[in-house]
Asker: 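The structure under discussion is supplied below as structure tokens; questions concerning it will follow.
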Protein chains: 2
Amino acid sequence: MRKENSTNTLNKQQIDRDCGMSYTLNAIGGRWKPAILFRLTRGKMRYSELRDSIANVTERMLVLQLRELEKDGLIKRIVYAEVPPRVEYELTDKGNSLRPILRSLSDWGIKNRI
Amino acid sequence: MRKENSTNTLNKQQIDRDCGMSYTLNAIGGRWKPAILFRLTRGKMRYSELRDSIANVTERMLVLQLRELEKDGLIKRIVYAEVPPRVEYELTDKGNSLRPILRSLSDWGIKNRI
DNA sequence: CGGCATCCAGTAGGATACTG
DNA sequence: CAGTATCCTACTGGATGCCG
């Protein structure tokens, strides 16, 4: 840990920028979060639909990432009191506001990977 | 590992999307990469300037993340044959093309963190 | 059906000291 | 000035099995 730059007048704005980006990347940056979010932009989905549409994900990881997305307020978990049980996930307004960002991340990646 | 969904006609596009997002998030998603990239959007910077403007980063982590950004073709490392040595970093064209994405990530984060 | 519990491996990231 | 080298921790993600 070194001394911080106290003379750079742009520092506070930069820190805001850093924090903003960190917050966003933390919200969407999990191993399976982009896949989940992108599928939900097409509409409500059941747990089993998500599980079957995302290749190679384990149930443990799927649930963990769903819980984080829920905690961060990006998705809503809807439990139907039925037998057999049914659970659906859908984007919240906050989650929906990510749409353009998800698209641009995807577009940039498709264009720039070799 | 479970069976994959072979009936979903959207699957190939989804996989492209997933890969695109993963590629982008991998490129910019390191602990210090956003901070580095954002500073370089303001122009060329020396190693010591980066180090001093990013609070709490260790030299080891700074160098590691710079090397990855360089390997991914987002930044260029310019060594001047002087004594004392001088090294500057600047965005490549590929790095510059990230500007709008970095901005939207930052803006979304600033708006949505509590 | 939609999970949770347990255990485990790999790696991202960090502290500290040293160098061409 | 601009890095390496070494060692270490913690967290992410994975395999497997059980449950309401």
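When reading the values below, keep in mind they use all heavy atoms of this one structure, side chains included, and skip hydrogens, waters and symmetry mates. Here is the naming used below: chain letters follow the sequence lines, and residue numbers restart at 1 for every chain. Everything quoted here is computed from the prediction, not taken from an experiment.
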Asker: Indicate yes or no: does Lys76(A) engage Asp93(A) in a salt bridge with an N to O separation below 4.0 Å.
Answerer: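 Salt bridge flag = no for Asp93(A) with Lys76(A).
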Asker: What is the distance from CG of Leu25(B) to P of dT12(D), rounded to the nearest Å?
Answerer: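 Interatomic distance, CG of Leu25(B) to P of dT12(D): 16 Å.
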Asker: Can a donor-acceptor pair be found, under 3.5 Å and without considering hydrogens, that links the side chain of Thr92(A) to the backbone of Leu74(A)?
Answerer: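 Yes; judged by distance alone, with no hydrogens or angles, the pair exists.
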Asker: Once you round it to whole Å, what is the distance between C1' of dC1(C) and CG of Asp52(A)?
Answerer: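 Asp52(A) atom CG is separated from dC1(C) atom C1' by 12 Å.
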Asker: State plainly whether the residues Arg86(B) and Glu88(B) are in salt-bridge range, i.e. N to O under 4.0 Å.
Answerer: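 Yes.
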Asker: Can you tell whether the side chains of Arg17(B) and Asp107(A) come within less than 4.0 Å, N to carboxylate O?
Answerer: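 Between Asp107(A) and Arg17(B) there is a salt bridge, with a charged N closer than 4.0 Å to a carboxylate O.
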Asker: Taking atom P of dG3(C) as reference, at what distance in whole Å does atom CD of Glu70(A) sit?
Answerer: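 It works out to 9 Å between those atoms.
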Asker: Could you give the OH-to-C1' distance, from Tyr80(B) to dG20(C), as a whole number of Å?
Answerer: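 That distance rounds to 21 Å.
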Asker: Quick check on the helix from dC1(C)-dG20(D) to dG20(C)-dC1(D): what's the angle between its two end axes, five base pairs per end, to the nearest 10°?
Answerer: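 The helix from dC1(C)-dG20(D) to dG20(C)-dC1(D) shows an end-to-end axis angle of 60°.
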Asker: Rounding to a whole Å, what distance do you find between Leu64(A):CG and dA15(D):C1'?
Answerer: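 Between C1' of dA15(D) and CG of Leu64(A): 14 Å.
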Asker: Has Lys94(A) got more than 12 heavy atoms of other residues, nucleotides or ligands less than 6.0 Å from its NZ?
Answerer: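 Yes.
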Asker: With a 4.0 Å cut-off on N to O distance, would you call Asp52(A) and Arg46(A) a salt bridge?
Answerer: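 Arg46(A) and Asp52(A): not salt-bridged.
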Asker: Side-chain heavy atoms nearer than 4.5 Å, only ILVMFWY residues, links allowed to pass through others: does that put Leu64(B) and Leu62(B) together?
Answerer: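 Same cluster.
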Asker: With a cut-off of less than 4.0 Å, is there a side-chain N or O of Gln65(B) near OP1 or OP2 of dG13(C)?
Answerer: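 Yes.
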Asker: For nucleotides 1-6 of chain D, read 5' to 3', which letter fits each nucleotide if B means a protein heavy atom sits under 4.0 Å from the base, S means only the sugar-phosphate is that close, and - means neither?
Answerer: BBBS-B
Asker: Test question: given the 4.5 Å side-chain rule for I, L, V, M, F, W and Y, name all other residues clustered with Ile78(B), or answer none.
Answerer: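 Besides Ile78(B), the cluster holds Tyr80(B).
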Asker: When hydrophobic residues are tied together by side-chain contacts of less than 4.5 Å, even through go-betweens, does Ile110(A) share a cluster with Leu98(A)?
Answerer: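 The answer is no; the residues belong to distinct hydrophobic clusters.
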Asker: Can you check the Asn56(B) CG to dA15(C) C1' distance for me, whole Å?
Answerer: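 Checked: the CG to C1' distance equals 13 Å.
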Asker: Could you state the CH2-P distance from Trp32(A) to dT12(D), rounded to the nearest angstrom?
Answerer: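 Rounded to whole Å, this separation is 16 Å.
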Asker: To the nearest Å, how far apart are Met61(B) CE and dC7(D) P?
Answerer: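 Going from Met61(B) (CE) to dC7(D) (P), I get 19 Å.
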